[in-house]
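Computed from a predicted model, the values in this text were never measured in an experiment. Every number for a ligand or one of its atoms is a count from 1 in the order of the listing.
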Amino acid sequence: MTITLPICGTEIDVDFDPAPIRQRYAEERARRLREDNFGQFQGFADVRAIDDTDQFSAPIERGAIAAEHDVVILGGGFGGLLAGAYLTQQGVTDFRIVEQAGDFGGTWYWNRYPGVQCDVESYIYLPLLEETGYLPTQRYADGDEILGHAQRIGRHFDLYRAALFQTSATSVRWSDTLQRWEIRTDRDDVLTARFVVRANGPLNKPQFPRVPGIADFKGAMFHTSRWDYGYTGGDQHGGMTNLRDKRVAIIGTGATGIQAVPFLAEDAAELFVIQRTPSLVGPRDNRPTDPAWAASLTPGWQQRRHHNFNSLVNGHPQDENLVGDIWTTILTAVTGRHLVEAPLESFALDDQVVLAEVADMQLMRTVHDRIEGIVANPATAEKLKPWFGAICKRPTFNDEYLQSFNRPSVHLIASANGVEKFTETGLVVDGEHYEVDCIVFATGFETGSSTADRYGYDIVGRNGLSMREEFAAGAKTLHGFFSAGFPNFVELGLSQNAYVVNFTYMLDRKARHAARVIGHALSRDIARIEPEDGAQAEWVQRTRESGLARLFYLATCTPGYYSGQGDLQHGFFGDVYQRSEIEYWEMIEKWWEAGAFEGLQLSSAELELQG
Ligand code: NDP
């Protein structure tokens with residue numbers, strides 16, 4: 001069937017009727033919406049039956065430290081590493097990096113589950129490639145290669161000397177008397193610093209379903225970010241020979257579950273994949289780095305690649321697509337630009353929305369077709385089809401996941417309600433008990449709570465101002481970096497800055513900008529940097545308005561962390577400035593080049609003393 005849709009006088013042909021698809025999306029969403037939203041999850045602290053210790057490094061013994069620094073960086077993932085690298089380039093070397101793990105790497109330190117890889121092309125995901133003289137071995141690098149690159153950055157910029165590993169901040173307070181931050185840690189360190197740069201990451205705290213009986217299960221169980229290779233055998237490349245006689249259940253089919261399932265399917269005697277909502281699984285097409293291409297690269301290649309990729313995923317058409325991946329495919333396809341001859345911008349906003357909806361459905365039909373083409377059992381294929389818009393949830397890309405369901409030993413247990421309860425010997429889904437030896441939780445990370453809850457400390461600014469309370473109804477920043485009431489505090493993580501796909505690119509740009517502002521302040525003896533209230537309020541307003549289109553889209557989505565599990569105000573992008581990253585960074589560059597620091601108050605030490 002072909003139907004013709006009139007959009008602003010332009011006819012477009014599509015071979016499906018959007019109405020029943022829209023209806024199906026609404027039904028699937030309704031089946032999964034829950035009143036408890038984020039309350040459906042619990043953390044390690046509640047699930048004491050599951051081990052949370054750092055099994056990847058030997059315990060570090062050291063005494064408490066008391067020291068004064070120019071800068072304390074909270075977090076030693078790519079954000080903290082990039083902050084350290086760019087501060088060093090600015091000539092600022094008096095800093096400490098406080099990191100919970102036993103080494104650098106952040107999410108890549110903890111996430112060592114089988115099959116772990118980046119989903120963004122490694123030539124743009126791994127930062128500072130030209131600076132460190134490294135080129136990844138594959139288009140999508142494995143987790144250990146990414147962790148190795150984090151460590152390479154640490155060595156290259158001499159950051160290990162600054163690291164306090166296996167150390168967590170417990171209190172971060174501005175001292176009005178000292179005009180310094182005071183950072184206390186779980187090792188009784190007391191650090192004072194003129195600046196604090198926070199890079200703690202958005203997905204740092206593993207979560208588990210809050211369903212009865214989790215502590216009753218007598219078999220092995222662990223979260224994907226604390227994989228127990230002692231139990232399974234093998235490593236992130238597979239070879240989990242201890243599972244050859246084991247019945248294993250994996251709960252969750254998000255980006256993590258999709259990567260781990262093919263490896264479990266290979267090694268486990270039987271695998272039960274517990275699916276509440278199927279993911280969009282696109283093609284991956286991983287391949288080794290082509291030596292001829294590597295030899296052809298000329299200086300500045302990584303920045304040019306970034307610009308090309310970011311232009312495409314931010315809706316700026318380009319003559320060529322250098323990365324040519326699924327992100328650029330999806331994010332250009334869902335605009336509907338290809339369905340009309342006239343430029344998209346010439347259509348009224350309402351028409352653009354209709355066009356985008358149709359284009360999105362068209363894309364999802366190719367996702368369904370791919371499933372039918374790969375999965376042999378039609379009933380299983382049907383259950384694996386996602387019924388929601390392409391960017392309702394994080395898209396995933398894998399060339400072995402769907403194929404796993406063609407193995408007789410792999411069972412898809414699909415239920416919109418998910419796991420009902422755990423027992424001593426297994427778990428229950430839709431009233432049916434599945435007896436297993438091992439349960440793997442690929443159930444994601446806490447997102448809806450305040451950063452104070454997720455990071456284990458509040459930021460307390462001038463006059464005892466609590467960031468937890470100040471940000472209770474959403475972040476308040478200038479450009480996603482600085483916040484009134486919290487002098488010399490710089491947020492490097494996801495905030496009211498622009499961000500679309502490549503998280504490390506965002507961290508790189510934020511770190512570069514933060515380092516030059518801090519370098520400027522330190523070299524001119526500026527004691528305090530803080531936004532003006534009016535400028536901050538205006539940025540907060542612009543950020544809120546920028547998110548309205550996405551809120552409208554997410555309102556039709558099956559719940560997930562992008563949509564705040566149905567509580568849209570607490571969605572993952574709620575505090576993000578949702579306009580083009582290209583335009584945002586052009587704005588920041590102009591702001592910097594103007595040299596007026598518009599919207600920021602820079603107070604000199606002299607003024608402070610007089611005040
Ligand atoms: P997600 O939050 O994306 O997925 C959690 C999964 O657990 C979902 O499938 C969810 O189902 C399911 N689930 C939760 N509760 C239950 C329950 N009671 N019963 C059954 N199933 C349940 O977590 P991930 O760890 O997969 O991914 C988190 C993010 O980490 C990604 O979105 C991505 O940003 C990042 N990541 C990046 C990777 C990369 O780039 N290589 C790889 C892996 C992760 P439902 O959908 O119904 O809620």
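A side chain to side chain donor-acceptor pair (under 3.5 Å) with Gln117 is found for exactly one of Gln259, Arg284, Gln236, namely Arg284. A side-chain contact (heavy atoms from CB on, under 4.5 Å) with Glu420 is found for exactly one of Asp430, Val429, Val211, namely Asp430.
Atom 31 (C) of ligand 1 has as its closest protein heavy atom Tyr561 OH, 3.4 Å. Regarding atom 19 (N) of ligand 1, its nearest protein heavy-atom neighbour is Val419 N, 3.1 Å. From the protein, the heavy atom lying nearest to atom 23 (O) of ligand 1 is Gly444 CA, 3.1 Å. The protein non-hydrogen atom at the shortest distance from atom 4 (O) of ligand 1 is Gly254 CA, 3.8 Å. Protein heavy atom at the shortest distance from atom 35 (C) of ligand 1 is Leu203 CD1, 4.0 Å. Regarding atom 48 (O) of ligand 1, its nearest protein heavy-atom neighbour is Arg276 NH2, 2.8 Å. In this structure, the protein non-hydrogen atom closest to atom 21 (N) of ligand 1 is Ile251 CG2, 3.5 Å. Of the protein's non-hydrogen atoms, the one nearest atom 25 (O) of ligand 1 is Thr256 OG1, 2.6 Å.
Heavy atoms of Tyr113 found under 4.0 angstrom from ligand 1 belong exclusively to the side chain. Residue contacts with ligand 1 for Ile258 are absent, since no atom lies close enough (heavy atoms, distance under 4.0 Å).
Side chain of Thr289 to backbone of Pro136: a donor-acceptor contact under 3.5 angstrom is found. Although no hydrogens or angles enter the test, the distance criterion places no donor-acceptor pair under 3.5 Å between the side chain of Thr53 and the main chain of Gln55.
The closest approach between a heavy atom of Arg32 and any atom of ligand 1 is not below 4.0 Å. In this structure, Phe41 has a heavy atom closer than 4.0 Å to ligand 1.
Tyr562 and Phe573 have perpendicular rings, their planes meeting at more than 60° on a 0 to 90° scale where under 30° would count as parallel. Ring orientation note: the planes of Trp227 and Tyr229 are tilted relative to one another, at an angle of 30° to 60°.
Close approach to Gly252 involves these atoms of ligand 1, each under 4.0 Å from a residue heavy atom: 6 (C), 7 (O), 9 (O), 12 (C). Close contacts of ligand 1 with Lys393, meaning ligand atoms under 4.0 Å from a residue heavy atom, involve 45 (P), 46 (O), 48 (O). Close approach of ligand 1 to Phe445 is summarised as follows: ligand atoms under 4.0 Å from at least one heavy atom of the residue are 25 (O). Counting the atoms of ligand 1 from 1 in the order shown, those under 4.0 Å from a heavy atom of Ala442 are 5 (C), 6 (C), 7 (O). Residue-ligand proximity, Arg394 to ligand 1, at heavy-atom distances under 4.0 Å covers atoms 32 (O), 33 (C), 34 (O), 37 (C), 38 (C), 39 (C), 40 (O). Heavy-atom proximity to Gln117, at under 4.0 Å, picks out these atoms of ligand 1: 39 (C), 41 (N). Which parts of ligand 1 touch Gly418 is read off a 4.0 Å heavy-atom cut-off, strictly below it: atoms 19 (N), 20 (C). Those atoms of ligand 1 with a heavy atom of Pro209 less than 4.0 angstrom away are 18 (N).
Because its NZ or CZ atom is both nearer than 6.0 Å to the ring centre of Tyr109 and within 45° of the ring axis, Arg112 counts as a cation-pi partner of that residue.
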Notebook entry, point to check: Which is it for Asp508 and Arg512 under the salt bridge (Lys or Arg N to Asp or Glu O under 4.0 Å) test, yes or no, and what are the steps along the way?
Noted result: CA-CA 6 Å; Asp508 184 283; Arg512 258 190 277 171; 2.9 Å; yes
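Ion pair Arg454/Glu446 not flagged as a salt bridge, since none of the NZ, NE, NH1 or NH2 atoms sits closer than 4.0 Å to an Asp/Glu carboxylate oxygen. Here Arg210 does not pair with Asp36 in a salt bridge; the nearest charged N to carboxylate O distance is not below 4.0 Å. Arg509 and Glu581 are not joined by a salt bridge, as no carboxylate oxygen comes within less than 4.0 angstrom of a charged side-chain nitrogen. Ionic pairing of Glu121 and Arg305 is present here: one or more N-O contacts between side-chain nitrogen and carboxylate oxygen are shorter than 4.0 angstrom. One finds no salt bridge joining Glu27 and Arg31 here, because no Lys/Arg side-chain nitrogen approaches an Asp/Glu carboxylate oxygen to under 4.0 Å. A salt bridge is absent between Lys218 and Asp216; no separation between the charged side-chain nitrogens and carboxylate oxygens falls under 4.0 Å.
Ligand 1 has an N or O atom lying under 3.5 Å from an N or O atom of Thr277, backbone or side chain. The shortest N or O to N or O distance between Ile274 and ligand 1 is not below 3.5 Å. An N or O contact shorter than 3.5 Å is missing between Gly560 and ligand 1 by distance. Between Gln40 and ligand 1, no N or O atom pair is found at a separation short of 3.5 Å. For the pair Asn417 and ligand 1, the shortest N or O to N or O distance does not fall below 3.5 Å.
Comparing heavy-atom distances from atom 9 (O) of ligand 1 across Ile413, Ile146, Thr253, Thr396 singles out Thr253 as nearest.
Contact between Lys510 and Phe481 at its shortest, heavy atoms only, is O-CE2, 3.4 Å.
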